Amino acid sequence: MKKLLYAMVTMICAVMFSGCSSVSPFDYGNNWLIRENDIPQFYSTFDLFYIGKAPAEYGDTHDIQFNWTKTHTNDIFGRGVRVFAPEIRNPDVENVAEALEYYLEHFHLDGHPFILLAEGHYADLLYGAMQKVSGITVENGFIAAYLPDMQPKTAAEIADDFYWEGLHAAANGDDIGVIITWISCINGETMDDPALKAGVYNINPLNWKTDATAGTAGENIKAVFYMPQHKNMFWRKVEEANFCGAVINLEKGVLEITCPVPLLHSVDGRFTSNCISIFAGNIAANARTRTQNLIRFRQWREAQ
């Protein structure tokens with residue numbers, strides 16, 4: 001009798017613990033800074049999956065993290081884009097992969113266009129997560145991953161990392177199924193990184209070229225910044241048209257950006273996680289261009 005009772009208790013515990021282990025933290029809305037933002041999928045031009053966090057100097061309250069995320073998503077891409085921004089409490093590749101997989105399995109409609117977005121260290125995490133998750137394909141609607149200031153890579157390395165899905169580094173302003181990145185060198189700052197050298201992949205977000213063709217400030221649609229130091233909450237989002245020019249230095253392997261530092265929140269004269277903000281208008285416009293190209297590609301393929 002005791003053996004039978006022990007067996008039953010063991011079985012019940014096993015079922016209970018197995019059930020608990022299947023629960024994802026992303027089942028709960030409080031683990032998302034933004035989830036769908038009230039845009040029905042039917043009206044969504046594309047989905048945007050974003051991960052990121054405000055720099056430590058901005059503060060770490062929930063309001064600051066939400067406003068930082070909103071400025072990097074809704075305020076840049078506008079209406080008609082569904083935003084998914086999980087709160088990654090333990091920022092590592094496994095947690096980001098879990099969040100990305102959760103989005104693809106629970107919110108993404110097969111084939112619906114979607115964009116990925118992150119910068120700096122979070123771009124590295126999202127890049128690594130992409131290698132662990134299935135469904136990042138053009139056939140499934142993947143347009144592009146905008147990952148500025150991730151660790152330097154060559155175009156060949158990017159293609160090799162995603163050879164099984166046929167993804168590659170963007171070569172121009174309208175190809176799809178691509179990784180998009182650049183290494184920001186602001187106002188001639190010192191970039192002491194041995195990985196930066198000739199051959200590192202960069203694309204200029206002002207003209208979407210990979211050569212040394214300069215992009216002018218006139219081509220910068222607008223920069224969008226979150227400025228938490230303003231006491232008035234309505235002044236915390238700052239937009240600035242024609243903010244900067246940029247040119248790829250092919251020998252150094254960086255995108256050299258010239259812009260007015262005083263307009264930004266900076267630490268010791270350096271930008272802190274503002275590489276999306278600087279080119280916000282260009283990224284948003286380019287995401288729509290690439291999405292339209294996917295639609296045309298599908299129409300062409302269906303006509304064959």
Side-chain angles (χ1 to χ4, degrees), residues 41 44-51 77 81-82 84 93-94 96-119 122-183 195 199-205 207-211 248 253 255 282-304:
Q41 182 154 318
S44 168
T45 306
F46 56 83
D47 289 352
L48 173 69
F49 181 90
Y50 167 83
I51 61 168
F77 292 87
V81 175
R82 287 200 316 166
F84 296 87
V93 170
E94 295 299 330
V96 174
E98 183 179 4
L100 179 57
E101 188 171 40
Y102 192 92
Y103 155 71
L104 289 168
E105 290 183 356
H106 292 83
F107 296 110
H108 176 253
L109 178 66
D110 289 350
H112 188 71
F114 66 100
I115 303 289
L116 307 180
L117 179 68
E119 61 189 332
Y122 281 89
D124 292 322
L125 297 180
L126 189 50
Y127 186 94
M130 291 173 64
Q131 295 177 283
K132 292 178 172 291
V133 174
S134 60
I136 312 293
T137 64
V138 172
E139 290 72 23
N140 199 28
F142 174 63
I143 304 295
Y146 294 86
L147 305 174
D149 284 350
M150 71 178 198
Q151 288 298 306
K153 287 183 178 288
T154 65
E157 287 172 333
I158 291 172
D160 186 59
D161 285 342
F162 296 99
Y163 72 91
W164 66 92
E165 302 291 14
L167 309 184
H168 56 279
N172 52 56
D174 63 5
D175 47 358
I176 53 179
V178 293
I179 312 298
I180 295 168
T181 189
W182 58 87
I183 310 299
V200 166
Y201 170 75
N202 284 279
I203 193 165
N204 190 331
N207 54 30
W208 304 106
K209 294 180 182 295
T210 58
D211 60 17
I248 297 173
L255 179 72
N282 294 74
I283 293 172
N286 184 252
R288 287 181 166 80
T289 296
R290 293 181 192 274
T291 300
Q292 288 301 314
N293 201 31
L294 173 65
I295 294 170
R296 287 192 294 268
F297 170 72
R298 287 176 172 173
Q299 292 171 339
W300 171 84
R301 189 171 57 182
E302 290 171 0
Q304 299 306 303

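Residue numbers count from 1 along this sequence. Please read these numbers as outputs of a predicted model, since none were measured by experiment. The figures that follow rest on heavy atoms only: side chains count, while hydrogens, waters and symmetry mates do not.
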| request: Dump the intermediate steps for side-chain contact (heavy atoms from CB on, under 4.5 Å) on T181 and K153, then the final yes or no. | output: CA-CA 9 Å; T181 189; K153 287 183 178 288; over 6 Å; no

| Derivation and outcome, side-chain contact (heavy atoms from CB on, under 4.5 Å), residues H106 and F84 | CA-CA 11 Å; H106 292 83; F84 296 87; over 6 Å; no

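Contact detail for D124 and Q151: the closest heavy-atom pair is OD1-N, 2.7 Å. Nearest heavy-atom pair across F114 and Y103 is CB-OH, 3.4 Å. In plain terms, the two heavy atoms of I158 and Y127 that are nearest each other are CA-OH, 3.5 Å. Across every non-hydrogen atom of P113 and L294, the tightest pair is CG-CD2, 4.1 Å. The two atoms that bring V200 and A195 nearest to each other are CG2-O, 3.3 Å, heavy atoms only. The two residues R290 and A144 have their closest heavy-atom pair at CD-CB, 4.1 Å.
A distance of 6.5 Å separates CD1 of I180 from OH of Y201, quoted to the nearest 0.5 Å. In this structure, CG on D211 lies 10.0 Å from CD1 on I203, to the nearest 0.5 angstrom. Between the CZ atom of F77 and the CZ atom of R288 there is a distance of 8.0 Å, given to the nearest 0.5 Å. In this structure, OH in Y102 is found 13.5 Å from CG in L100, a value given to the nearest 0.5 Å. With rounding to the nearest 0.5 Å, the separation of CD in Q292 from OG1 in T45 is 8.0 Å. Atoms CD1 and CG, on I283 and N286 in that order, are 8.5 Å from each other to the nearest 0.5 Å.
Under the 3.5 Å distance criterion, the side-chain polar atoms of H108 are matched with a main-chain donor or acceptor of N140. In this structure, N204 contributes its side chain and L255 its backbone to no donor-acceptor pair below 3.5 Å. Not a single donor-acceptor pair under 3.5 Å links the side chain of N202 to the backbone N or O of I248.
In this structure, the side chains of Y50 and L126 stay at 4.5 Å or more apart for every pair of heavy atoms.
Ring pair W208/W182 is perpendicular by interplanar angle, where above 60° counts as perpendicular and below 30° as parallel.
Shown are T137, V178, I179; of these, the side-chain contact (heavy atoms from CB on, under 4.5 Å) with F162 is made only by I179.
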